[in-house]
2 protein chains.
Amino acid sequence: MTTLADKGNLVQRPPTMKEVAALANVSIKTVSRVINEEPGVSPELSERVLQAIRQLGYHHNTTASNLRRADQRTATIGLLLDDVANPFSSALHRAIEDVANQHDTLVFTGSSDFEADREERMALTLMSRRVDGLIVMPVSQSHIGLQQFKQLDRPIVFVDRPANLYDADSVLADNRVGASVAVRHMAAYGHRRIAFLGDLHTLWTAAERHLGYIEGLALTGLQLDPALVRHDLHSINLVEQATIELFTAPNPPSALFAGQNLITIGVIRALQRLGLQQQVALVGFDDFPLADLLMPRVSVVAQDPALLGKTAAERLFARLDGERSPGERIVIPTQLLIRGSGEITPSAFT
Amino acid sequence: MTTLADKGNLVQRPPTMKEVAALANVSIKTVSRVINEEPGVSPELSERVLQAIRQLGYHHNTTASNLRRADQRTATIGLLLDDVANPFSSALHRAIEDVANQHDTLVFTGSSDFEADREERMALTLMSRRVDGLIVMPVSQSHIGLQQFKQLDRPIVFVDRPANLYDADSVLADNRVGASVAVRHMAAYGHRRIAFLGDLHTLWTAAERHLGYIEGLALTGLQLDPALVRHDLHSINLVEQATIELFTAPNPPSALFAGQNLITIGVIRALQRLGLQQQVALVGFDDFPLADLLMPRVSVVAQDPALLGKTAAERLFARLDGERSPGERIVIPTQLLIRGSGEITPSAFT
DNA sequence: TTGAAAGCGATACCAG
DNA sequence: CTGGTATCGCTTTCAA
């Protein structure tokens, strides 16, 4: 192993195939055959090579190997999430990691923080790394970075939100139906004034859930009151403020539909502050840990992030295996989990 | 762009420097100079090259570039976590991602699931990718894979748990003091029978917190009762069962110290089942979302995962920048958050 | 200021 | 079965 001196450089240069070949007294090509388990190497040579590999502590250089390989693959994929620390994103991440593992593929993950230019920067970086494909929770409307990636004919699968640009697969939760079910559920308990609290209206999921809310009201013959609809609640403070405003205004709602899990939590915080948590019905979209330990236990429309992630990853690897059908939308159903908060009746509210 | 036909291969071959050079009618070295912003290229040539790059949609191949570069760096690091979907791990992850970004470095992340052979397999895979360094929540005692990595003289930083093998940096929370503080806090409220519920005793953090528990008892003059100490509660079921056993046995505790956040949650679930949540004092180690929304609100010893991650990443990059001092343990303090559950007095318990 | 040639660590192709 | 040589896409070295 050669030693470099420069500060900032890695000091040791790992052993190479050439060195293994020299030690085993065979050609480098034979070493390559042994390592790649290609047939047709005599047992004695093979053993000599393996011996040399152990002796030198040789480890195959996947990077160099991939450079020369004919299939042009790097056995890496990129994953662009809202934020790796967000529970929904990280559940997706884990499911994708597991599928990637089965395909001997490594995952580069990045957080977009809902910023289009972060998304673009990450996409370009991943393109420079020549990742084989991308799984993305898309942010931007223009998808500049993603477009360039797609031009290389590498597959992209969108997850949680669809892309609005080109033909690609999207794996989505059934936002609209889920929201509609939530609203109808509370209506069935006698609520006539059901408020909507939603995330940034520019987010596709927020918009869909809002449509589901409207649909749910329509299906139960309830009238939409614009005063009960609040959008763009992208921070906990905005949520709390909006909730409090709803209950200090005249003619308050008796039930709430919270369009996202952080919103649900903000709503609960506000209701606790107002002392109304046992009197106002609440169904949240997206489950969250401990929802069943709060009092009242929180009814939610649960998504299945692990299944979303698994499905997206499997779709991506299918594409990488040559699947050429047109891009499609795969919709994963949601499930209403009845726990208590959504079953509070209007009579509790005076 | 050449087109390959094979199923399973990526179809398009991205444009190369050579093609850019041909189009711009310059040497490939000149293209390289432009891309790497090396000085000494005439403005006209430079412009011609940039023009060709745009025209072809060229993107630099970082992988090939790194292969030839003298510093032997790949601008990637590996991150081995318990589970990317676990909130503590994912908070670490996010902090590390941010530091890596500042160093134009990409992160390969993997989940060990507390399994030594997964850890080893991941370490070897990452070695094959020639990552520049590793940040690891260590699992195994032998660290076979990590040892081999370290033999290449690439830095490893341990986070949350130290390594027991060789000289390397570790970034740790102050588990012992945190646990001791928790016990003394409840003792100060008059508790004399404080139980310990801990994770796998083979985990360093669990052992440290247990030591802190013992220390806390000793400092307050309380006697250690082995019947109140439960180890290896690595699943929610085990936690609930252990909790219930504690309260069905004669002479139950009036206060509980839960040694990990999933344990805390299991304990709460069990206490709710027993109807004891308002009567038994509880302090958990490690904060969790919604701890302040439960009733009673849950007092915890909070770690600072973001700071742990940031510190670990900065340490790793310092090593990569040539820092050669001996490996050290960096300890991040914990903080007792008083919210209610830890301040229940023994008189509540009859 | 520019470019030709060698080489990074491996695989592909074709002889023997 | 085994090995030589060209090549992957880029940087390095050195000469023009």
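Naming convention: chains lettered A, B, ... in sequence-line order (proteins, then strands); numbering from 1 in each chain. No experiment lies behind these values; they were computed from the predicted model shown. What you see below is based on every heavy atom in this structure, not just the backbone, and it leaves out hydrogens, waters and symmetry mates.
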_Which atom of Val159(A) lies closest to which atom of Leu308(A), heavy atoms considered_ = CG2-O, 4.1 Å

*Any idea which heavy atoms bring Asn25(B) and Arg48(B) closest together, and the distance?*
O-NH2, 3.2 Å

Would you please confirm or rule out a distance under 4.0 Å between OP1 or OP2 of [N] and any side-chain N or O of [X]?
| X | N | value |
| --- | --- | --- |
| Ser32(A) | dA10(C) | no |
| Asn66(B) | dC10(D) | no |
| Ser27(B) | dA4(C) | no |
| Arg13(B) | dG9(D) | yes |

*Salt bridge between Asp104(A) and Arg73(A), side-chain N to carboxylate O under 4.0 Å?*
no

_Closer than 4.0 angstrom, basic N to acidic O: yes or no for Arg319(A) and Glu328(A)?_
no

Quickly work out the [X] [atom1] to [N] [atom2] distance and round it to whole Å.
| X | N | atom1 | atom2 | result |
| --- | --- | --- | --- | --- |
| Glu47(A) | dT2(D) | CD | P | 14 Å |
| Leu152(B) | dG9(C) | CG | P | 13 Å |
| Lys29(B) | dG9(D) | NZ | C1' | 14 Å |
| Ile28(B) | dT12(D) | CD1 | C1' | 12 Å |
| Ile53(A) | dA10(C) | CD1 | P | 10 Å |

Nearest listed nucleotide, side chain of [X], among [options]:
| X | options | result |
| --- | --- | --- |
| Thr16(A) | dG3(C), dG9(C), dT11(D) | dG9(C) |
| Ala70(B) | dG3(D), dT2(C), dT12(D) | dT12(D) |
| Val41(A) | dG3(C), dT2(D), dT11(D) | dT2(D) |
| His60(A) | dT11(D), dT11(C), dG3(D) | dT11(C) |
| Ser65(A) | dC14(C), dA10(C), dG9(D) | dA10(C) |
| Asn61(B) | dT11(C), dG9(D), dT2(D) | dG9(D) |
| Leu67(A) | dT11(C), dG3(C), dG9(D) | dG9(D) |

Counting only distance, no hydrogens or angles, is the base of [N] paired donor-acceptor with the side chain of [X] under 3.5 Å?
| X | N | answer |
| --- | --- | --- |
| Arg130(B) | dG9(C) | no |
| Arg68(A) | dT7(D) | yes |
| Arg69(B) | dT12(D) | no |

*Give one of base, sugar-phosphate or nothing for Leu45(B), where a contact means two heavy atoms less than 4.0 Å apart.*
sugar-phosphate

*Can you tell if the side chain of Thr76(B) reaches within under 4.5 Å of the side chain of Arg129(B), non-hydrogen atoms only?*
no

_Quick check on DNA chain C: between Met17(A) and Arg33(A), whose nearest nucleotide comes earlier from the 5' end?_
Met17(A)

